[in-house]
Each structure stands twice: as structure tokens, then as C-alpha cells.
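See below for the structure under consideration.
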2 protein chains.
Amino acid sequence: MSTAHGARARARIEVTAAIKDEARRQLAAEGAARLSLRAVARELGMVSSALYRYFPSRDDLLTALIIDAYDSLGGTAEAAHEAAAGSGPLQRWIAVCEAVRRWALDHPHEYALIYGSPVPGYTAPDTTVPPAARVGLLLFAIVRDAYRGLGLARPSLPADLRPEAERMAADLAPDLPPETVAALVAAWAQLFGLVGFELFGQFNRVVQDRETFFRHTAGQLAHGVGLVYPQNGPAARNPAS
Amino acid sequence: MSTAHGARARARIEVTAAIKDEARRQLAAEGAARLSLRAVARELGMVSSALYRYFPSRDDLLTALIIDAYDSLGGTAEAAHEAAAGSGPLQRWIAVCEAVRRWALDHPHEYALIYGSPVPGYTAPDTTVPPAARVGLLLFAIVRDAYRGLGLARPSLPADLRPEAERMAADLAPDLPPETVAALVAAWAQLFGLVGFELFGQFNRVVQDRETFFRHTAGQLAHGVGLVYPQNGPAARNPAS
DNA sequence: CAAAAAAGAGAGCAGTGCTCTTGCTTTGGG
DNA sequence: CCCAAAGCAAGAGCACTGCTCTCTTTTTTG
């Protein structure tokens with residue numbers, strides 16, 4: 001099933017790719033709501049019912065596009081991270097944040113598909129979980145680097161949040177202090193809030209120079225996680241073990 | 001046109017309200033994408049074409065629902081603010097943030113309609129701007145109170161963001177320091193990022209005790225704007241004029 | 001080589017937003 | 001008061017959607 005050979009199997013993966021390509025084209029041009037199976041089939045010169053041999057429903061096609069979008073975003077973010085490999089954690093953090101923003105502005109409909117409101121009655125299958133985690137994992141990696149190397153300030157953590165923070169740390173990054181993990185998860189959500197607000201027009205008539213505003217706010221987010229902000233000079237090395 | 005009298009005019013506003021009510025029901029039950037004009041008409045015992053006398057298109061109906069949703073959210077937030085009128089700015093800030101979150105969890109599809117990805121080719125008309133601003137204005141009011149009264153710390157502001165911060169302050173709140181305005185706008189976006197992530201399932205398998213996590217993060221946001229965080233004791237009164 | 005699996009084509013169903021025409025009822029000016 | 005004008009409901013119809021089912025052709029496989 002997986003590595004079937006023969007002309008038919010080859011044709012199948014080619015047609016599947018062609019369908020996804022055309023669907024992605026329509027998605028980028030018109031948005032997920034206007035993506036039409038019949039239009040995709042028409043454009044590919046096939047009859048609409050034939051398309052159901054490749055994707056059993058419209059939702060399955062969308063799921064494939066969602067996974068691709070997560071992968072594209074994740075890849076872009078990782079590329080930006082590697083391009084900034086020589087710099088310090090703060091610079092790399094900001095580079096990743098800016099890559100996420102850039103990708104969102106370049107692929108608004110794809111961004112809306114993955115971080116906007118879920119479509120109709122759509123519930124994301126588990127297949128989307130690993131690709132969706134890539135950006136988050138990248139942020140964790142940056143913070144982990146800082147924790148093990150140059151130093152990382154510890155955010156404050158009120159007593160009532162400690163149990164939850166420890167739970168999150170155990171699940172996500174047992175090697176990091178719970179307060180750092182909690183702060184990082186918050187920063188992660190806030191980053192996408194920022195991007196979403198700009199992309200979906202909430203900043204119209206409010207923020208003009210969004211580039212500068214975003215860079216500064218991304219730096220503030222890093223600061224909240226414990227990464228040092230330029231002016232503040234070098235932070236203390238992590239005190240505890 | 002506006003204050004027309006007579007049975008016909010009265011009937012018109014009643015039917016308009018009935019349509020909106022039924023549409024809101026379907027929106028809450030199924031989401032914006034599955035809201036169908038024909039289904040609304042069917043449920044109201046009228047024929048679909050008759051509905052077009054009240055709303056010239058589906059988008060116009062959605063716009064009406066969007067405005068109502070903004071108003072509902074704004075009203076809820078304002079009520080929460082007044083209920084906490086006796087408390088300090090930080091408590092009021094958190095009360096408003098929690099009211100926003102609560103409303104979002106209680107009205108997920110309506111929240112998605114206004115803060116999720118924009119529907120098909122929909123562009124929000126200017127009519128939606130004032131209701132959309134209510135929550136933002138409320139946050140401004142809280143910070144303004146703190147600025148004039150108990151004191152407000154000044155966030156840092158790098159040189160390259162100063163022009164933009166001053167522009168924002170001039171537009172939005174000329175009586176507040178530019179660094180405060182910039183920080184407030186960022187916090188505003190981050191608040192909705194947090195709510196959206198929880199609502200749209202991004203926190204699944206990540207954050208368990210979302211209530212506590214949210215309250216703490218809302219406090220951190222307030223701190224970023226300059227409102228004092230409990231442990232830190234009273235802040236310095238605003239130094240400059 | 002024959003049986004089975006896969007693929008394409010076409011018709012058709014139920015649903016959608018929206019338009020247009022046809023009558024009926026309320027409204028307002030002479 | 002009455003009658004034209006405007007407002008409204010109803011129905012038919014268009015072009016589109018996702019999806020299913022049947023029928024035929026092609027390819028793979030035991």
C-alpha cells in the first residue's frame with residue numbers, strides 16, 4: 001500500500017499533488033470558504049466525481065492543505081532560525097517571530113486556515129498536531145539554549161499557578177524551570193495574537209509602522225520569557241541547578 | 001425614513017429583529033459558515049426571497065450580527081468593569097480581561113465571527129468600527145485612571161519606536177505617555193491572542209488549568225503596560241507632567 | 001489469463017445565494 | 001375619500017455547491 005510500484009501508483013501521487021497544488025492556488029486566491037472541489041476538478045480537466053477517489057471529502061482536502069501550511073510555516077521559521085544561528089538567543093527569537101509574521105503576511109489565507117477560526121464543523125485530526133508544533137518547538141529550543149548557555153532570567157510565578165506550570169513543564173520541557181515554561185507558552189500565544197491582529201485588520205487606523213511595532217513587541221515577549229533585552233546588559237546565569 | 005410610524009414600519013422592525021434572532025441562533029449553533037438564509041427564512045415561515053427585503057445579502061446579515069456581537073462583548077466587558085468599580089486598576093484590568101475570555105467561551109462562534117479569520121471576501125464596513133473599539137476604549141480608561149491616580153510605571157521605549165508611539169498616542173490617547181500607549185496596544189492584541197488560542201484549541205494538550213493560567217497572564221499583560229503587579233508594592237507616581 | 005481492484009465519466013440529489021416576475025396590501029398626496 | 005405609488009410576500013428559476021451512485025474502461029495481481 002505504501003510503496004506500491006507501477007505506473008498507476010506513480011500517476012496517483014502525481015494527480016494527488018496536482019489536486020493539492022490547484023487547491024492551494026484557489027485557497028491563496030480566494031480563501032478557504034471559496035475553495036470549491038468542482039472548480040479544482042474543472043481546472044484540472046477532470047470530472048468532479050473523479051476527485052473523490054483522491055480525497056474522500058472537502059474536509060480531507062482542507063486537512064491536507066492545513067498540514068502543508070503548518071509545514072511551510074514551520075520550515076520558514078526554522079530557516080530563519082538557522083540563518084541567525086550565529087547570533088544570541090534574543091536575536092534568534094526575534095528572527096523567528098519576524099519570520100512567522102512575514103509568512104503570515106505572505107500567505108494570509110493559509111494563515112487564516114490554520115490560526116483563524118476553524119471552518120464549519122471542522123475538527124482537526126491528530127495528524128495535524130506534529131506539524132502544528134514546529135514553531136512552538138523552535139521557541140523552546142531557543143529558550144533552552146539560553147538557559148544552558150548565556151543565562152536566562154526567571155520570570156515570577158505566583159503560588160496558584162505553580163501546579164499548572166509544573167504540569168506544563170513536565171509535558172513540554174522537563175529540563176526547563178516551570179516558570180520559564182509557563183511564560184513561554186503565554187508568549188507563544190501572544191505572538192500569534194499580534195500577528196493575527198495585524199493580518200485581520202484590527203490594527204487598521206491604529207498602528208501604522210507595523211514592522212517596527214512588531215519587532216519591539218517581539219522583543220518584549222522575549223523579555224517576558226527571560227531572554228535579556230539589549231539595554232539591560234548580561235543577565236545572571238541561571239542560579240539553581 | 002428613520003422614525004417612520006405606522007403599522008408597517010412597526011412590523012418591519014419586528015421582522016428584522018426576528019430574522020436577526022433566528023440567524024443568531026443558527027450562528028451560535030452551527031457557526032457562520034453554516035448560517036443559511038434559506039434556513040432562517042424556513043424557520044420563520046417565510047419564503048427565502050422575502051428575506052431580501054430586510055437584508056440585501058447574506059453579508060449584510062452577517063454584518064448586523066457582527067455589530068451585535070461587538071456590542072454584546074463590549075457590554076459584558078463594561079459591566080464587569082463597573083462591577084469592579086471599587087477595586088484598583090489592576091483588579092479592574094483583570095476583571096475586564098476575564099470578562100472577555102468568559103464571553104468568548106460562552107459565544108465561540110460569535111467570537112470567531114469578529115476575531116477569527118474574516119469570512120469569504122468579506123470586508124468589514126465602517127459601521128463596525130465604533131462597536132469594535134469598545135473593549136479597547138475600556139482598557140484605555142483603566143490605564144488612564146491609573147495614570148492620573150495611583151501611579152503608573154513607564155514601559156521602556158526604544159528610539160526607533162518613538163515616532164510610531166507618538167503617532168499612536170496622538171490618535172488614540174493624547175493625554176497618555178507614548179510608551180504607555182504603545183504597550184497598551186500590544187497588550188490589547190496579546191489579550192485576544194490568548195483568548196483565541198484557548199478558544200480555537202491551540203492549548204489542547206498544553207494548558208490544563210486555563211482559568212488560572214489566563215488570570216496570571218492577564219496580570220502580566222497589565223504589568224507590561226505599567227499597572228502594578230501585587231508583589232511589587234506601590235509604584236512611583238507618574239514622574240513627568 | 002482471468003479475477004479483482006482502481007480509476008474515470010456521467011447523471012442525479014439536495015442544498016445554497018440571489019434575481020425576476022406576479023400579485024396583494026398598506027401608505028400618503030391630491 | 002380615492003387612487004397611484006411604494007412596500008411586501010410568494011413562487012419560479014438560474015447557477016452553483018458537496019456528495020453519491022451506477023456504468024464502463026483500464027491496470028494490477030494471484
Side-chain angles (χ1 to χ4, degrees), chain A residues 1-20 22-23 25-27 29-66 113 118-123, chain B residues 1-20 22-23 25-27 29-66 113 118-123:
Chain A
M1 176 208 193
S2 53
T3 53
H5 41 292
R8 184 154 247 175
R10 205 187 326 273
R12 181 172 183 86
I13 70 173
E14 270 173 24
V15 173
T16 306
I19 292 173
K20 285 211 294 185
E22 176 57 31
R25 262 205 55 252
Q26 294 194 13
L27 169 64
E30 300 263 33
R34 294 204 175 167
L35 189 156
S36 150
L37 284 190
R38 292 179 106 112
V40 170
R42 210 178 299 132
E43 211 68 24
L44 263 54
M46 56 170 86
V47 87
S48 74
S49 61
L51 213 149
Y52 285 82
R53 303 258 174 215
Y54 297 87
F55 295 93
S57 82
R58 188 178 181 274
D59 274 3
D60 291 88
L61 217 195
L62 276 182
T63 300
L65 293 182
I66 286 176
L113 186 61
V119 282
Y122 180 82
T123 50
Chain B
M1 179 205 189
S2 53
T3 56
H5 40 294
R8 183 153 247 174
R10 204 187 328 271
R12 180 172 182 87
I13 71 174
E14 270 173 24
V15 173
T16 306
I19 292 172
K20 286 210 294 186
E22 177 57 31
R25 262 204 54 254
Q26 292 194 14
L27 169 65
E30 300 263 33
R34 294 204 176 168
L35 189 156
S36 149
L37 284 189
R38 293 179 105 113
V40 170
R42 209 179 300 131
E43 211 68 23
L44 262 54
M46 57 169 85
V47 85
S48 74
S49 60
L51 214 149
Y52 285 82
R53 301 254 169 213
Y54 298 89
F55 295 93
S57 82
R58 189 178 181 275
D59 275 2
D60 292 87
L61 216 195
L62 275 181
T63 300
L65 293 183
I66 286 176
L113 187 60
V119 281
Y122 180 80
T123 50

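The basis for the numbers below is simple: all heavy atoms, side chains too, and nothing from hydrogens, waters or symmetry mates.
- Against DNA chain D, the stretch residues 41-54 of chain A makes heavy-atom approaches under 4.0 Å through A:R42, A:S48, A:S49, A:Y52.
- Taking atom CZ of residue B:R12 and atom C1' of nucleotide C:dT26, one finds them 14 Å apart after rounding to whole Å.
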**Item:** Verdict with supporting geometry, B:L37 and B:Y52, side chain to side chain contact (heavy atoms under 4.5 Å, CB included)
**Value:** CA-CA 9 Å; B:L37 284 189; B:Y52 285 82; 3.3 Å; yes
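- Here A:R38 does not reach the OP1 or OP2 of D:dC16: none of its side-chain N or O atoms lies under 4.0 Å away.
- Atom CZ in B:R34 sits roughly 18 Å away from atom P in D:dT17 (whole-Å rounding).
- Proximity of B:R8 to the phosphate of C:dT27: no side-chain N or O atom is located under 4.0 Å from OP1 or OP2.
- With sequence neighbours left out, B:S57 forms a side-chain hydrogen bond (donor to acceptor under 3.5 Å, both in side chains) with B:D60.
- Counting any heavy atom pair closer than 4.0 Å across all strands shown, A:L35 reaches sugar-phosphate atoms only and no base atom.
- Under the salt bridge (Lys or Arg N to Asp or Glu O under 4.0 Å) criterion, A:R25 pairs with A:E22, not counting sequence neighbours.
- D:dC19 atom C1' lies 15 Å from atom CG of A:L62, rounded to whole Å.
- Qualifying side-chain contact (heavy atoms from CB on, under 4.5 Å) partners for A:A39, counting only residues two or more places apart in sequence or in other chains: A:Q26, A:S36, A:R42.
- Listed by chain and residue number, B:M46, B:V47 satisfy the side-chain contact (heavy atoms from CB on, under 4.5 Å) test with B:A50 (two or more places apart in sequence, or in another chain).
- Atom-to-atom, CG of B:L37 to P of C:dT16 comes out at 9 Å; the value is rounded to the nearest Å.
- Atom-to-atom, CZ of B:R58 to C1' of C:dG15 comes out at 13 Å; the value is rounded to the nearest Å.
- Remark: B:R12 pairs with B:T16, B:Y54 by the side-chain contact (heavy atoms from CB on, under 4.5 Å) rule, at least two apart or across chains.
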